[in-house]
Every structure is written in C-alpha cells, then in structure tokens.
Amino acid sequence: MSKMRLRFAPSPTGALHIGGIRTALYDYLLAKKHGGTFILRIEDTDQKRYVEGAEEYIIDALKWCGLEPDEGPGIGGDYGPYRQSERREIYQKYIKVLLDGGHAYYAFDTAEDLDAMREKVKAEGKHTFQYDASTRMQMKNSLSLPENEVKVLLENGAPYTIRFKMPESQTVTINDLIREEVTFSTDDLDDKVLMKSDGLPTYHMANVVDDHLMEITHVVRGVEWLPSTGLHVLMYRAFGWEDTMPRFAHLPLIMKPSPSSYINKKTKEEFAEKFSGEFLRSHDSDFKMDEVKKIAQMVFNNPKDIQSQLKIGKKDDEKKQAVKGFLKDAMYGKLSKRDGDRLGFPVFPLSWEGKSEDDSFVGFKEMGFDPDAVNNFLVFLGWNPGTEQEIFSMDEMIDAFSLERVGKSGAAFDYVKARWYNQQYLMKKDNSTIANELDVLLSEKGMGAHDDFLQGVAGMMKERVHFMPEILEDGYYFFEPVKSYDDKTIQKRWNPERKDKMDALANLIKGIPSFDAGTIETAIKQFMEDNELGFGDVFPILRLAVSGTTQGPSVFDIMALLGQDEVGQRMDTAYQYFDEVKEKV
RNA sequence: GCUCCUGUCGUCUAAUGGCUAGGAUAACUGACUUUCUAUCAGUUGAUGCGGGUUCAAUUCCCGUCAGGAGUUCCA
C-alpha cells in the first residue's frame with residue numbers, strides 16, 4: 001500500500017472547536033503511526049461564513065497541541081495550493097468532466113425559487129422538498145429545459161448552479177473503517193449542488209476533487225458526514241476514481257455533558273435562572289422571566305428525570321413548548337461553542353476574540369491546561385486502548401492508536417475528567433519546570449521570585465490544584481502578605497486567655513536557630529507538650545497567621561520556605577488582627 | 001416526516017454465546033495528615049424494553065423505545 005496521507009480540513013468560520021482538534025489528533029496519530037503525511041487543508045469555499053483570523057487560529061491551535069502538519073498553507077508541499085479558495089480553476093476543470101459525462105447538470109432555479117418550492121410542498125402537507133429524480137423535471141434546469149433555451153440562458157449570463165444527477169434506484173455501500181458496511185439507496189439522496197452560482201464549489205465537490213488530487217488515503221471525519229458519503233462515493237465513481245478512493249472513517253460525535261452531571265438539588269435553582277436568562281435574551285417576544293423560570297424549575301425539579309419532563313405534552317401551550325424546546329436544544333445533542341459559557345468550561349483550544357462578547361471564548365490554554373493533558377483527554381473521547389493505561393504521552397498514543405478501537409457511540413464531554421487529566425500531568429512535572437512557568441506567570445503580574453523559592457512552592461502546591469495558575473491563586477501568600485484571614489476560625493480558635501503562651505510561641509519561632517521544616521516542627525511540638533496545648537489550639541492559629549487560611553501544605557514547610565523574618569512579621573501582624581476580630585464580638 | 005447512525009454504572013469505557021459484567025472518573029466511607037490535596041484501602045452503582053434462537057443471550061436475530069446526525073447555492 002502506498003504511503004498513508006491524511007488531511008485535516010477545517011473551515012475558517014471562527015475558532016476551531018475542540019471536536020475539530022480531536023479529529024486532527026486522530027489524523028495526526030494515524031499518519032505518524034504509519035509513517036504517513038498529515039495535511040492541513042483550509043476549506044474556505046463559503047465566502048459568507050469566512051471569518052478573518054480563523055485560519056491563523058487553526059494553525060496556532062494545532063501548533064499549541066503539538067499537531068503540526070507536514071503539508072498545508074504556509075507550510076508548503078507538492079499538492080498545493082492548500083486553500084480551496086485558491087483552487088477555483090481546478091474545480092472548474094473537474095466539474096466539466098461531470099457535466100460532459102452526464103453526471104451533472106445546470107440548474108437555474110434561484111434561491112428564492114427553491115424557498116418558494118419548499119414552502120409550497122410543506123403547505124401541501126408533504127414533508128421536505130427534495131431536488132431529485134422525482135422533481136427535477138419540474139424545475140428549471142438543463143435537463144428539463146429545451147437545449148436552445150439553456151444555451152440562451154448560459155450565453156446571457158443567467159446565474160446557475162451545477163447539480164449532481166443522482167442516479168435512480170441504486171444502492172451504494174460504503175465500507176467504513178469504524179462502522180463497517182453502511183448502505184444507502186440513491187432514491188433517498190438528492191441532486192446536491194456541486195458548484196454554487198458564485199463559481200465556487202460546495203463541500204462535496206471540493207472535498208472529493210481535493211482528496212483525489214492530494215492522494216488522500218484515509219478520510220477521518222465526524223459522523224455528521226456519514227449521510228453524504230453515499231454521494232461522495234457516487235462522485236468518485238462518476239469521475240472514474242473509484243479504485244483510488246480513500247477509505248472512510250466516521251468518528252462519533254462529542255456530546256454535551258449529561259445534565260445529570262451538573263444539575264442536582266443544589267444547582268437546579270442556579271441553572272433555572274441561567275437558562276431562563278439565556279432564553280429571554282434569544283426570544284425578544286412577550287415572555288416574562290417569571291413564567292420562563294417557573295417552567296425551567298419544573299423541568300429541573302427532578303434532576304434524574306429531566307429528559308421526560310422536556311417532552312412536549314398535549315396540554316402545553318405555545319410558550320411552554322418554546323421553553324421546553326429551547327431547554328432541550330441547550331442541554332442535549334452535540335457539544336457546541338455555547339456550552340462552554342453555560343457550564344463554565346472551555347470548548348476551544350485557545351482563547352478567541354470575536355466581534356462581540358457572545359463570540360469570544362476562553363481557551364483550554366488560557367484556563368491553564370497542559371496541551372499534553374488536553375490531547376490525552378481528547379484521545380479517550382471515542383477511543384480506548386483496550387488496556388488499563390490512562391496516561392499516554394504523544395509517542396505512546398501514536399504507538400497505541402488504531403481506528404479499530406474507535407467507538408461508535410457519541411461521547412459526552414466530561415470536564416471533571418479533563419481537570420483530572422490536567423492534574424495528573426501537573427503532578428508529573430518537575431518542580432523546576434513548574435517553577436519556570438510560574439516565573440512567567442508572575443512576571444506578567446509584575447512580580448517575581450527566586451527559582452529555589454518557586455521550586456519549593458511548586459513542590460508543595462502541585463498536587464493541591466488542577467491548573468498551574470491556581471498555584472498562584474491558592475498560594476498567593478507565598479508571594480505577598482496575607483490579604484484576608486478566615487475570621488470564623490479566629491473566632492473559634494483565638495483564645496485571648498492564652499495570649500502569653502501564644503506570644504511565647506511566636507518568640508520561640510522567631511528564635512529557632514536553624515529554620516528548616518524539621519527543626520520548626522520539633523520545636524513547636526516540644527512547646528505544645530511543655531505548655532499542655534493540643535494540635536487544635538496551635539496549628540490553626542499558626543496556619544492562619546502565615547497564610548490566612550486553614551488549608552494548604554504543611555505549615556512547617558510553608559514557614560521554612562517563607563523564612564524566619566517573614567514568618568515573624570506575619571505572626572505579629574496576625575496576632576494584632578486576631579485581637580481586633582475578637583474584640584469586635 | 002424521510003434516511004442513516006448509536007444504545008453497558010451519573011460520565012468515559014472493557015469483555016464474553018457460560019465463572020461474582022472489568023477498569024477509570026465522580027460520589028460516599030475508612031486509613032495517613034493540624035487542614036486541604038495527594039496516596040492507599042473499601043462501598044454504592046450498568047448491559048433501554050419486548051420477543052425469538054439456544055441447555056445458556058449483554059453478546060446472534062426480529063421488533064420496539066430512546067438518543068443523535070443528516071435532510072442548505074453551510075461545512
């Protein structure tokens with residue numbers, strides 16, 4: 001078999017969704033595993049949806065994930081150009097092949113004509129209008145119109161599209177690498193537009209031509225393409241390319257998190273509020289917050305039974321139906337860019353600044369995710385190695401990956417698991433590596449610290465957080481004075497009657513000759529024994545004095561790292577504050 | 001509506017015509033910790049439903065239900 005060639009072919013219509021990254025990852029893994037080529041192709045045939053900066057975003061995102069293409073725009077390769085908008089002439093040339101072979105025809109129906117036709121058919125109570133063998137002769141095209149009329153239309157520059165002439169009563173069987181045999185009847189397929197009136201091809205045309213010309217051996221894409229694969233196969237056949245047609249592999253979709261994973265007794269109010277607000281923003285009719293919220297509350301009332309609550313009942317009025325329909329769309333189905341905002345997790349690899357706030361998103365990178373962790377998380381969304389190994393380096397993934405082990409059913413995006421992966425990668429990192437990254441984050445805030453100190457912080461904090469930036473948030477007290485103390489604990493633990501003893505303890509700490517964690521611990525424990533103080537009397541106070549919170553790493557480690565002078569100062573400041581708090585009551 | 005795809009713990013999934021359906025995550029409990037984490041140990045929890053084939057079905061077949069995707073001069 002010739003060298004494996006796989007392409008990742010996104011559309012530059014905005015930020016690249018995490019599902020796209022997974023597809024790219026699978027393409028990359030497969031290519032690398034078999035010594036093949038990973039190609040990036042930009043499918044920018046829809047100028048209406050083209051978004052400035054999206055192509056750069058795609059390239060940057062792939063780069064961040066470590067999925068760098070071997071061929072692509074700006075990279076080069078022998079099969080360029082890799083931007084479909086730059087391949088116009090190629091498609092023009094190949095559409096002629098189909099036209100000449102009688103596999104395609106000119107259609108002069110305007111978009112308005114088609115809309116009207118759809119309306120009409122719908123009004124007649126039939127389902128959807130389909131442009132196919134049963135209807136094409138009633139439409140305005142080169143099959144239904146007399147030859148001379150077609151000629152005149154073309155000469156006069158009448159706008160036209162070119163449609164595929166779907167054959168009648170054939171079955172098309174595709175052999176999907178993931179789904180095995182899938183069969184379609186051409187009677188269910190329609191005459192798809194191949195060339196638009198602007199002279200640019202639709203996805204189907206560009207895709208088949210480019211995959212053939214670029215000698216793509218394997219097409220890995222989402223299942224949303226499965227229904228049109230029948231058409232694609234017929235096109236390869238019409239072109240006479242069937243013997244070099246790529247193998248297809250249709251990936252399961254990444255789905256929204258299951259509502260049961262985030263709606264519970266505690267959160268149902270919050271989500272009722274949130275979803276209602278969103279509903280109102282997208283429906284500028286006469287809905288009132290109260291009534292919308294009431295419906296949402298009713299639906300969320302039994303978190304285990306949301307799905308059946310969302311079914312439209314016969315008694316439901318129009319408003320109720322609208323709200324239920326909205327909720328269903330918002331809570332079920334494939335993962336969408338909106339879900340990130342709704343549920344508080346990233347859906348894009350990198351942050352994206354769109355024209356509006358609605359079109360701006362925080363990325364995995366900016367949330368503090370490690371790209372290796374993201375890849376590891378993503379590879380498991382739809383694939384598994386069949387072993388019990390959970391953590392995979394890129395090389396291990398390349399080695400272990402195979403399409404045979406890709407599942408068929410959609411996988412729900414699980415943010416909790418994504419966090420777990422990130423923590424695993426964080427804990428695995430060297431303290432010195434983390435220190436370097438912390439240093440960067442600190443300097444962004446105009447702060448800094450010595451490497452040894454940062455390594456110490458890294459060692460103490462890395463297993464207590466899920467993301468690198470959290471080290472600086474949760475452990476801010478390593479870098480600046482305590483900002484706030486946990487007053488509740490002060491109330492409970494600060495006993496003014498024991499003031500002398502606590503002063504003595506502070507003095508003891510200030511006077512410890514060798515200020516390392518072990519010595520500090522021994523000294524304090526000795527002091528507690530001598531003064532008949534329990535753990536509960538001393539440790540919470542020390543923690544509070546040093547860090548303001550009762551949570552965190554060993555208090556002795558914190559002290560040793562901060563140093564004797566700093567700890568002494570913090571104790572003085574804290575004691576003073578503790579007294580004030582106590583007096584207030 | 002029509003076409004296609006898919007149904008295993010809450011979630012991601014493994015496995016098999018036959019031992020107690022395995023792992024991970026989450027939840028809960030315990031141990032270790034002054035605390036939070038991490039770690040270790042443990043607990044709870046699944047084959048959508050109905051029928052058929054079979055000595056035996058989660059696995060094969062049929063039906064049904066549910067979910068998803070497609071049905072654009074979008075990709």
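Within every chain, numbering begins at 1; the chains are lettered A, B, ... in the order of the sequence lines, protein sequences first and strands thereafter. FYI, side chains are in, hydrogens and waters are out, and symmetry mates aren't considered; it's all heavy atoms of this structure.
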Legend entry - Distance test, side-chain N/O of A:Gln307 to OP1/OP2 of B:A66, below 4.0 Å: no

Legend entry - Under 4.0 angstrom between A:Lys48 side-chain N/O and B:C74 OP1 or OP2: yes

Legend entry - Nearest listed nucleotide, side chain of A:Glu388, among B:C74, B:G22, B:U71: B:G22

Inset, instruction - Scan A:Gly222 against the nucleic acid and name what it touches under 4.0 Å (heavy atoms): base, sugar-phosphate only, or nothing. - result: nothing

Inset, instruction - Establish whether the base of B:A26 is bridged to the side chain of A:Lys417 by a donor-acceptor pair shorter than 3.5 Å. - result: no

Inset, instruction - Determine: side-chain N/O of A:Ser409 to OP1/OP2 of B:G68, distance under 4.0 Å, yes or no. - result: no

Inset, instruction - Ignoring the backbone of A:Val555, work out which of B:A75, B:C12, B:U34 is nearest its side chain. - result: B:U34

Legend entry - A:Arg49, nearest nucleotide to its side chain (from B:U34, B:G23, B:A75): B:A75

Legend entry - Nearest-nucleotide pick for A:Gln551, side chain only, options being B:U35, B:U71, B:A26: B:U35

Legend entry - Closest to the A:Asn384 side chain, choosing from B:C5, B:U39, B:A14: B:A14

Inset, instruction - Scan A:Thr128 against the nucleic acid and name what it touches under 4.0 Å (heavy atoms): base, sugar-phosphate only, or nothing. - result: base

Legend entry - A:Leu114 or A:Leu381, whichever maps to the more 5' nucleotide of RNA chain B: A:Leu381

Inset, instruction - Name the nucleic acid region contacted by A:Tyr203, choosing base, sugar-phosphate or nothing; use a 4.0 angstrom heavy-atom cut-off, strictly under. - result: base

Inset, instruction - Any strand is fair game: report the nucleotide pairing with B:U71 by Watson-Crick or G-U wobble, both distances under 3.5 Å, or none. - result: B:G1

Legend entry - Among B:C2, B:C74, B:U11, the one nearest A:Asp188 by side-chain distance: B:C2

Inset, instruction - Could you work out the separation of B:G52 and B:U44 based on their C1' atoms and round it to a whole Å? - result: 35 Å

Inset, instruction - Could you please name the partner base of B:A38, counting Watson-Crick and G-U wobble pairs only when both distances are under 3.5 Å? - result: none

Inset, instruction - Determine the contact category for A:Pro553: base if any of its heavy atoms lies under 4.0 Å from a base atom, sugar-phosphate if only primed atoms, P, OP1 or OP2 are that close, otherwise nothing. - result: base

Inset, instruction - Select base, sugar-phosphate, or nothing to describe what A:Ser228 touches, counting heavy atoms under 4.0 Å on all strands. - result: nothing

Inset, instruction - Please confirm whether any donor atom in the side chain of A:Ser197 sits under 3.5 Å from an acceptor in the base of B:C73, or the reverse. - result: yes

Inset, instruction - Check whether NZ of the Lys or CZ of the Arg A:Arg405 lies under 6.0 Å from the centre of the six-membered ring of A:Phe401 and within 45 degrees of that ring's axis. - result: no

Legend entry - Minimal non-hydrogen separation, A:Arg342 against A:Phe271, with atom names: O-CE2, 3.9 Å

Legend entry - Closest listed nucleotide, where the reference is the side chain of A:Gln423 and the choices are B:C73, B:A38, B:U11: B:A38

Legend entry - Sugar-phosphate, base or nothing in reach of A:Gly386, heavy atoms under 4.0 Å: nothing

Legend entry - Watson-Crick/G-U partner (both atom distances under 3.5 Å) of B:U6: B:A66

Legend entry - Ring centers of A:Trp383, A:Tyr26 separated by less than 6.0 Å: no

Inset, instruction - Taking atom P in both B:U29 and B:U11, compute the distance separating them and give it to the nearest angstrom. - result: 22 Å

Inset, instruction - In plain terms, say whether A:Asp210 and A:Arg87 are close enough for a salt bridge, that is, a side-chain N and a carboxylate O under 4.0 Å apart. - result: yes

Inset, instruction - Report the base-pairing partner of B:U16 (Watson-Crick or G-U wobble, both distances below 3.5 angstrom), or none. - result: none

Inset, instruction - Kindly state whether the ring of A:Phe556 and the ring of A:Phe539 have centres lying under 6.0 angstrom apart. - result: yes

Inset, instruction - Return the 5'-most residue of the pair A:Lys311, A:Lys525 with respect to RNA chain B, ranking by each residue's nearest nucleotide. - result: A:Lys525

Inset, instruction - Assign A:Arg221 to base, sugar-phosphate, or nothing according to its heavy-atom contacts below 4.0 angstrom with the strands shown. - result: nothing

Inset, instruction - Remember a base hit wins even if backbone is also touched, and classify A:Lys462 as base, sugar-phosphate or nothing at under 4.0 Å, heavy atoms. - result: nothing

Inset, instruction - Would you mind reading off the distance between A:His466 atom NE2 and B:U25 atom C1', rounded to a whole angstrom? - result: 11 Å

Legend entry - Listed nucleotide nearest any side-chain atom of A:Arg118, set B:C5, B:C12, B:U72: B:U72

Inset, instruction - Compute the ring centroids of A:Phe345 and A:Phe413, then answer whether they are less than 6.0 Å apart. - result: yes

Inset, instruction - May I ask you to say what A:Phe413 touches in the nucleic acid, namely base, sugar-phosphate or nothing, with a heavy-atom cut-off under 4.0 Å? - result: nothing

Inset, instruction - May I ask you to say whether A:Asp474 pairs ionically with A:Arg464, meaning some side-chain N is under 4.0 Å from a carboxylate O? - result: no

Legend entry - Exercise: identify the closest heavy-atom pair between A:Gly368 and A:Pro469: CA-CD, 3.8 Å

Inset, instruction - Ignoring backbone atoms, test whether A:Lys196 places a side-chain nitrogen or oxygen under 4.0 Å from the OP1 or OP2 oxygen of B:A75. - result: yes

Inset, instruction - Using a 4.0 Å heavy-atom cut-off across all strands, classify A:Arg179 as base, sugar-phosphate, or nothing. - result: sugar-phosphate

Inset, instruction - Please work out if A:Ala111 contacts a base, only the sugar-phosphate, or nothing of the nucleic acid, heavy-atom cut-off 4.0 Å. - result: base

Inset, instruction - Just call it for A:Asp109: base, sugar-phosphate, or nothing, with non-hydrogen atoms closer than 4.0 Å on any strand. - result: base

Legend entry - Listed nucleotide nearest any side-chain atom of A:Gln424, set B:A26, B:A69, B:U39: B:U39

Inset, instruction - Identify which nucleotide among B:A75, B:U11, B:U34 has an atom closest to any side-chain atom of A:Arg543, counting heavy atoms from C-beta outward. - result: B:U34

Inset, instruction - Verify the contact: side-chain N or O of A:Arg405 to OP1 or OP2 of B:C12, cut-off strictly under 4.0 Å; return yes or no. - result: no

Inset, instruction - Assert yes or no for the condition that the ring centre distance of A:Phe248 to A:Trp225 is strictly below 6.0 Å. - result: no

Legend entry - Identified pairing partner of B:U59, criterion: Watson-Crick or G-U wobble below 3.5 Å: none

Inset, instruction - For A:Thr550, report the nucleic acid contact type (base, sugar-phosphate, nothing); a contact means any heavy atom under 4.0 Å. - result: base

Legend entry - Contact under 4.0 Å: A:Arg163 side-chain N or O vs B:U72 OP1/OP2: no

Legend entry - Euclidean distance, atom CD1 of residue A:Ile434 to atom P of B:A38 [Å, nearest integer]: 15 Å

Inset, instruction - Please work out if A:Met255 contacts a base, only the sugar-phosphate, or nothing of the nucleic acid, heavy-atom cut-off 4.0 Å. - result: sugar-phosphate

Legend entry - C1' spacing across the pair B:G22 / B:U8, given as an integer number of angstrom: 12 Å

